[in-house]
Amino acid sequence: MGSVPILKQAMTDATQIQCLATTHDVCGEGCIWHPQSDSVFWTDINRGLLHRYSSANGSVETWSFGEPVTSVVLTSHEHLLVLVLGSRIVAWDTRACTVVEELYRLPEWPCVRCNDARVDPAGVLWFGTMQNNVRDDGTTADVTERRGALFSLAAGSQVKKWYDGFRISNTLAWSPDGGTMYFGDTLENTLYRGLFDPVNSRLGSREIFFTGFDRGLPDGSVVDSEGCLWNCRYGGSCIVCVAPDGSIARKVETPVKNPTTCAFGRHNLSTLFFTAAAAVDEQPPDLTGSLFSLQMPVRGMPATPLRL
């Protein structure tokens, strides 16, 4: 695809976006809609926190893990989530609020940490890694090395590396038919796509899908039921909707500088939730690192649970 996309349709501005929880996250990330509890789970990577926002009453609960928490994944068990931490991937019981099983431990920790994670159409977990940029005091360091890679983790803790050499491995999403996988490198300002076998969880060779967009850098993404990729643009104050042909179909202006990742939710999957990271020059400052929602003209797809 070309590096200069075409804007087909501007969509909306920040006035239509609702702030749901002002948690002041350093780096809010990993949001997922949990239909069984009618809630959103998300994380603060730098503070090692897991949050849950209840759609029923607007309450927020928070748990601390003592290390980065980067992503949240649904599982085939109603009361179990999979949490991707900096050093490992674990199963977490939502009733007892405790880790019940370790699924994988990253050998390169603490020099390298886990990052974004999602589940493919066959129920297999995919996750990216990167040079660990979270200092012991929770502040953020620069990423200076290409230590990132893309992995899959099947049942029985069978780990396979598919690509490496990323600076920040980010965005994991699949087309509605499961035949295309999207993934990216944030600091290269590039999203890739590859042919995908949704039965055997195999990724083919990659090609550039979307690159060179001048509004920030690509962070987390989600695909809607029409096959468009909604990509949060870190530093760009927007979420861009990219059509399957690589052109820009729509764009959402956000009230925060650093939107980080997004997920469709609520009963009809027509609400887009998104998280944000703090920005020093954020205006207004009380919205920095919050959880937001927006009603959409399209529907998302149910998140595939991890088979345990």
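Keep in mind the model is a prediction, meaning the values are calculated, not measured.
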Novice: Report the distance from atom CG of Leu172 to atom CZ of Phe151, rounding to the nearest 0.5 Å.
Specialist: 12.0 Å
Novice: First locate atom CG of Leu287, then atom OG1 of Thr22, and finally report the distance between them rounded to the nearest 0.5 Å.
Specialist: 8.5 Å
Novice: Taking atom types as modelled, is there a side-chain donor on Asp25 or His51 under 3.5 Å from an acceptor on the other?
Specialist: yes
Novice: With the threshold set at 4.0 Å, does a side-chain nitrogen-carboxylate oxygen contact exist between Asp224 and Arg299?
Specialist: no
Novice: Mark yes or no for whether Thr70, through its side chain, and Val84, through its backbone, hold a donor-acceptor pair below 3.5 Å.
Specialist: yes
Novice: May I ask you to say whether Glu108 pairs ionically with Arg147, meaning some side-chain N is under 4.0 Å from a carboxylate O?
Specialist: no
Novice: Among side-chain atoms of Trp162 and Ser152, is any donor-acceptor pair under 3.5 angstrom?
Specialist: yes
Novice: Judged by atom type as modelled, is there a donor-acceptor pair below 3.5 Å linking the side chain of Asn231 to the main-chain atoms of Asp219?
Specialist: yes
Novice: Does Phe209 have Arg193 sitting over its ring (NZ/CZ under 6.0 Å from centre, angle to axis within 45°)?
Specialist: no
Novice: Looking only at side chains, do Ser237 and Arg215 share a donor and an acceptor under 3.5 Å apart?
Specialist: no
Novice: So, does Gln131 use its side chain to make a donor-acceptor pair with the main chain of Thr144 at under 3.5 Å?
Specialist: yes
Novice: Do Phe127 and Tyr104 have ring centres separated by under 6.0 Å?
Specialist: yes
Novice: Please check if any side-chain donor atom of Ser59 sits under 3.5 Å from a side-chain acceptor atom of Asn57, or the reverse.
Specialist: yes
Novice: Between Thr275 and Cys31 (side chain of the first, backbone of the second, donor and acceptor by atom type, cut-off under 3.5 Å), is there such a pair?
Specialist: no
Novice: May I ask you to check whether Asp116 and Trp126 show a side-chain donor-acceptor distance below 3.5 Å?
Specialist: no
Novice: Checking Asn115 against Thr129 for the side chain to side chain contact (heavy atoms under 4.5 Å, CB included) test, could you report, in this order, the C-alpha distance in whole Å, the side-chain angles of both residues, the deciding distance, and whether it holds?
Specialist: CA-CA 5 Å; Asn115 198 40; Thr129 59; over 6 Å; no
Novice: Using distance alone, with no hydrogens and no angle criterion, decide if Thr140 and Asn46 have a side-chain donor and acceptor under 3.5 Å apart.
Specialist: yes
Novice: What's the shortest heavy-atom distance between Leu85 and Cys114, and which atoms?
Specialist: O-CB, 3.3 Å
Novice: Would you give the length of the straight line joining atom OG of Ser87 to atom CG of Leu106, rounded to the nearest 0.5 angstrom?
Specialist: 8.0 Å
